[in-house]
Amino acid sequence: MENITRRRQKRQERSRHIARGDGDRIKSVIVAVLMFTAIASAVAYGAVDPLALGLLAAIMAVVIMLWGARSWSSGVADLNSNAIQLPLVGMILIGIIQLLPVRSNTVGGLLAIPASAAISLDAYATRLFTIRLVILAVFFAAALTFLDSSRKLERCAFAAIIFGAVMAFFGVIQRLSGAETIYGLRKVGQAIPFGPFVNQHHFAAFMEMTSGLAIGILIGRGVGSTKRLFAGIGAAFMGIGLIYTGSRGGLLGYIAVIAVSGILTYLASHRGRNGDAEMAGRMAAFGGGAALLVGVIAVAFFLGGGGALFRGIGPQGTDITSGRTHFWEIAWQIFLDHPIIGAGYDAFAVAFTRYDTWSGMYRVEQAHNDYLQTLSDSGIAGFICVVAFIYFLVKQSLSVISSSIDELRTNIAIGALAGCAGILIHSLFDFPLRTTSNALFFLLLVVLATRDIAGRAGDSKKRRRSASRGVSELLPEQ
């Protein structure tokens, strides 16, 4: 009888071991799919087309099925309960409410033409925007759940740096060659393409995010010389690419990236010992970062990429906002008329025509200020969600930066938060996060900045010793 019980226990243990192995493989597949999704969306023109949206929805459906299989095999429902997901859920609920048929569905007159009964002034655009929010929410939840180790976070960070550097190189070569199409296939009207992006400003925003990771690692402490050199090369390529777009909002965002990286790195360096050797190392790192910035700007201007930064200034033009003040005034008027829940996600193009005092020659689809457009599109309810998301991002990122004992993990969190800060500043003058690939990479950076890895102290110390081998002042005290 005891032998039978013992054999049964062994079979159960073997089954649990096999299930854990299958679960780990599924987790690795999910992480690979998430990274593929973020990278492929950028390559595919920023995933701004309805076809790309459909493909992303299909990929996220696959992620959900793998997620379910993983939970089934492990017997545990994998789900990260981080409160930072709640604002995104709130925005989805707002979109659903905006689609409710609560208005009259006919237009008066002789024909009584059927019309949308939704709250949104453009129900079709709001529906697509809400679907995109659902896709982003699934991506975000999966990334928070399955990027559950420092090693995975590091691999994702370096993959983003490599991809950003390649994108920057491709974009600059494309511009220098004078190509007016993307990949030689797609000609863009009413916009200036850069790299695979339809809009050069959105490419600049992408560079802000990826360069933040590179700069955070470049000027951080406890980083091996190989990784620092790698990050420096990537940061140089991305800085040149960003400046070469001629995006003034992108340049302001880039300055914010450098400033946030420098300040947080300086503050983080004072958590440990403050000896002269360490301070000398900090000064050398900051000096190298400043030299890199000057070099990047000099090379970009030498290649002819700086002239566009000064458009609208001088005797040939006086409106340095390129008409944005007009869009901002109208966005505010739309908000005042729809203060609670807005005129509808992505309904700005329709609402704009009711307030526009121009000739109507141009179709204006965005307010060129994501915060004002949030107010006009979703009212106070949507704006509260955005503010809450930023609050959770800053609070949780600073918590990770202040408490992490893994120096590379700290640098990645600093760089990710800096990249987020850059695109949030850029959003004051443009709409970069309405490009799907930028939104995906932004959420990936949020995970890299806020994901708290618990129970990894021993592994963190081991990686810190490996990363700082040969730098005696950074070795743990004996």
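Since the structure is predicted, the reported quantities are computational estimates derived from the model, not experimental observations.
Ring pair Phe442/Phe389 is tilted by interplanar angle, where 30° to 60° counts as tilted. Note: Phe206 and Phe163 have perpendicular aromatic rings, judged against thresholds of 30 and 60 degrees for the angle between ring planes. Using cut-offs of 30° and 60° on the angle between ring planes, the pair Phe230 and Phe158 is tilted. Below 30°, between 30° and 60°, or above 60°: for Tyr183 and Tyr45 the angle between ring planes is between 30° and 60°, a tilted geometry. In this structure, Phe203 and Phe197 have perpendicular ring planes: the angle between them is above 60°, well past the 30° mark.
We find the CD1-CZ distance between Ile192 and Arg175 to be 6.5 Å, quoted to the nearest 0.5 Å. Atom CD1 of Ile414 and atom CD1 of Ile219 lie 7.5 Å apart (nearest 0.5 Å). Taken to the nearest 0.5 Å, the CH2 atom of Trp332 stands 11.0 Å off from the CG atom of Asn369. Note: Leu147 CG to Met35 CE = 8.5 Å, rounded to the nearest 0.5 Å. In this structure, OG1 in Thr435 is found 8.5 Å from CG in Asp430, a value given to the nearest 0.5 Å. Rounded to the nearest 0.5 angstrom, Ser437 OG and His202 NE2 are separated by 9.5 Å.
For the pair Gln98/Tyr345, a side-chain contact is recorded, criterion being any heavy-atom separation below 4.5 Å from C-beta on. Ile161 is listed as a side-chain neighbour of Ile217, based on a closest heavy-atom distance under 4.5 Å. Using a 4.5 Å heavy-atom cutoff, the side chains of His426 and Asn438 are not in contact. In this structure the side chain of Val172 never reaches within 4.5 angstrom of the side chain of Phe237, judged on heavy atoms. Taking the side chain as every heavy atom from C-beta outward, Gln396 and Val446 never approach each other to under 4.5 Å. Residues Thr210 and Met167 are not in side-chain contact: their nearest non-hydrogen atoms beyond the backbone lie 4.5 Å or more apart. The shortest side-chain heavy-atom distance between Arg434 and Asp346 falls under the 4.5 Å cut-off. Counting only heavy atoms from C-beta outward, the side chains of Leu242 and Glu208 approach each other to under 4.5 Å.
Residues Leu34 and Met60 approach most closely at CD2-CE, 4.4 Å, considering heavy atoms. For the pair Gln174 and Ile182, the tightest heavy-atom approach, listed with the atom from each and the gap, is NE2-CA, 3.9 Å. Heavy-atom minimum distance, Leu448 versus Arg409: O-NH1, 2.7 Å. Among all heavy-atom pairs drawn from Phe327 and Gln366, the shortest one is CD1-O, 4.4 Å. Here the closest heavy-atom approach between residue Leu218 and residue Gly232 is recorded as CD1-CA, 3.8 Å. Residues Thr145 and Ala141 approach most closely at OG1-O, 2.8 Å, considering heavy atoms.
Of the possible donor and acceptor atoms, one in the side chain of Tyr371 sits under 3.5 Å from a partner among the backbone N and O of Leu424. Within the 3.5 Å criterion, the main-chain N or O of Ala38 finds a donor-acceptor partner in the side chain of Ser41. With Thr410 contributing its side chain and Asp406 its backbone, the two residues share a donor-acceptor pair below 3.5 Å. Formation of a donor-acceptor pair under 3.5 Å by the Ser403 side chain with backbone atoms of Ser399 is found in this model. Between the side chain of Asn199 and the main chain of His201, a donor-acceptor pair closer than 3.5 Å is present. Between the side chain of Ser376 and the backbone N or O of Gln373, at least one donor-acceptor pair lies under 3.5 Å. Side-chain N or O atoms of Gln85 include one that pairs as donor or acceptor with a backbone N or O of Asn80 at under 3.5 Å. Of the possible polar contacts, one joining the Ser261 side chain to the Val257 backbone as a donor-acceptor pair under 3.5 Å is found.
A ring-centre distance under 6.0 Å is not found for His368 and Phe429.
Other residues, nucleotides and ligands contribute at most 12 non-hydrogen atoms within 6.0 Å of the CZ atom of Phe169.
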Next item on the list: Report the C-alpha separation of Arg70 and Asp24 in whole Å, then their side-chain angles, then the decisive distance to 0.1 Å, and conclude whether the side chain to side chain contact (heavy atoms under 4.5 Å, CB included) test is met.
Entry: CA-CA 8 Å; Arg70 154 72 187 173; Asp24 290 341; 4.1 Å; yes

Checklist line | Check against side chain to side chain contact (heavy atoms under 4.5 Å, CB included), Glu154 and Ile412 | finding: CA-CA 7 Å; Glu154 291 166 15; Ile412 290 173; 3.7 Å; yes

Next item on the list: Using the side chain to side chain contact (heavy atoms under 4.5 Å, CB included) rule, take Ile84 and Leu144 through it: C-alpha gap first, then chi angles, then the decisive distance, then the call.
Entry: CA-CA 10 Å; Ile84 198 172; Leu144 279 171; 4.1 Å; yes

Notebook entry, point to check: Stepwise, does the side chain to side chain contact (heavy atoms under 4.5 Å, CB included) test hold for Ile425 with Ile255?
Noted result: CA-CA 10 Å; Ile425 293 296; Ile255 293 173; over 6 Å; no

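Ionic pairing of Asp148 and Lys27 is present here: one or more N-O contacts between side-chain nitrogen and carboxylate oxygen are shorter than 4.0 angstrom.
Not counting sequence neighbours, Arg127 has no partner by the salt bridge (Lys or Arg N to Asp or Glu O under 4.0 Å) test.
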